[in-house]
Amino acid sequence: MVFADFGSPIVHVLTLVFGEDKPHHSLEIYQVAARAMLAYIIGLAAVRIGKGRGIGRITLLDILLGFMLGPLLSPAITGTTALSASAVGAIVLVAMYWLITFLSYRSSGFGLFVKGKARLIVEDGNLDRKNMRLAHFSENDLLEELRLHGIEDIQRVKRAYVERSGAISVIKQDSGLPR
């Protein structure tokens with residue numbers, strides 16, 4: 001599809017600013033800049049509409065969406081792919097992301113399939129080596145995470161989990177001191 005085929009003055013201005021939908025010749029530098037701004041806005045809208053979480057709460061689904069949006073939108077900036085095709089692809093990816101996260105919310109079984117489950121790796125100071133192996137989490141990884149949580153002695157850990165996001169959560173043993 002070429003914007004100029006529609007003949008309206010608005011389409012003419014859009015074609016002037018962004019170039020043809022899929023240009024047959026090199027884009028002008030200002031057209032690449034305009035396409036970059038538009039691709040950024042499309043990507044930002046996609047993430048916001050898809051209810052993407054903040055960096056601290058990023059999940060594998062969020063990472064997958066990001067990995068797929070980047071290569072989808074970048075060729076549209078340089079004109080090697082139609083701008084409209086990239087926009088439609090971005091909308092479809094976000095719709096799929098939204099559908100999968102919605103179904104994960106509605107169905108715990110589907111959520112477990114898509115997002116996985118938390119694994120208990122320490123209980124009352126004892127390592128659960130089976131769950132550590134299933135989570136691909138070494139003892140050195142655990143000790144590093146405990147230090148980052150301010151814990152030097154594993155015996156001070158009541159429970160530690162590898163969460164679905166891959167983050168480690170730690171519940172400390174009660175110190176036994178009254179509050």
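These numbers were taken from a predicted model, which means no experiment stands behind them.
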- Going only through I, L, V, M, F, W and Y residues with side-chain contacts under 4.5 Å, is there a path from L127 to Y161? no
- Item | Same cluster (ILVMFWY, side-chain, under 4.5 Å), V32 and L73 | no
- Message: Please check this pair: side chain of R119 against backbone of V162, looking for a donor-acceptor N/O pair closer than 3.5 Å.
- Response: no
- Message: For L99, is the CG atom crowded, meaning more than 12 foreign heavy atoms sit under 6.0 Å from it?
- Response: yes
- Is it true that atom OH of Y30 has more than 12 heavy atoms of other residues, nucleotides or ligands lying nearer than 6.0 Å? yes
- Note on the structure: Residue set satisfying side-chain hydrogen bond (donor to acceptor under 3.5 Å, both in side chains) with R129, at least two apart, ordered chain then number -> E139
- Give a yes or no answer on whether the side chain of S107 reaches the backbone of S104 with a donor-acceptor pair at less than 3.5 Å. no
- Look at the side chain of R159 and the backbone N and O of D124, then say whether any donor-acceptor pair between them is shorter than 3.5 Å. no
- Query: Taking only residues two or more places apart in sequence, or in another chain, which ones meet S169 in a side-chain hydrogen bond (donor to acceptor under 3.5 Å, both in side chains)?
  - Reply: E163
- Query: Roughly how far apart are I100 CD1 and L103 CG, rounded to 0.5 Å?
  - Reply: 8.0 Å
- Message: Donor-acceptor check, side chain of T15 to backbone of E20, threshold 3.5 angstrom: yes or no?
- Response: no
- Item | Any donor-acceptor N/O pair, N131 side chain to I121 backbone, under 3.5 Å | no
- Item | By side-chain hydrogen bond (donor to acceptor under 3.5 Å, both in side chains) - contacts of N126 (at least two apart) | none
- Note on the structure: Taken to the nearest 0.5 Å, the spacing of D174 CG from K172 NZ works out to 11.5 Å
- Message: Quick check on F110: does its CZ atom have over 12 non-hydrogen neighbours (other residues, nucleotides or ligands) under 6.0 Å away?
- Response: yes
- Item | Cluster check L65, L61: I/L/V/M/F/W/Y, side chain < 4.5 angstrom | yes
- Say you draw a straight line from CD1 of I168 to CG of L148; how long is it, rounded to the nearest 0.5 Å? 10.5 Å
- Distance col, row L142:CG vs I154:CD1, nearest 0.5 angstrom, shows 4.5 Å
- Message: Applying side chain to side chain donor-acceptor pair (under 3.5 Å) as the test, list every pair that has at least one member in residues 148-158; sequence neighbours left out.
- Response: none
- Query: Ignoring hydrogens and geometry, is there a side-chain-to-backbone donor-acceptor pair from S86 to L72 under 3.5 Å?
  - Reply: yes
- E28 meets the side-chain hydrogen bond (donor to acceptor under 3.5 Å, both in side chains) criterion, sequence neighbours left out, with none
- Message: If hydrophobic clusters are built by linking Ile, Leu, Val, Met, Phe, Trp and Tyr wherever their side-chain heavy atoms come under 4.5 Å apart, do L69 and I91 end up in the same one?
- Response: no
- Counting heavy atoms not belonging to I10, are there more than 12 under 6.0 Å from its CD1? no
- Query: In the single-linkage hydrophobic clustering (I, L, V, M, F, W, Y; side-chain heavy atoms under 4.5 Å), do I151 and M132 co-cluster?
  - Reply: yes
- Query: Quick one: ring pair (Phe, Tyr, Trp, His ring centres under 6.0 Å) partners of F102, sequence neighbours excluded?
  - Reply: W98
- Query: So which heavy atom on Q31 is nearest to which on L16, and how close?
  - Reply: NE2-O, 3.0 Å
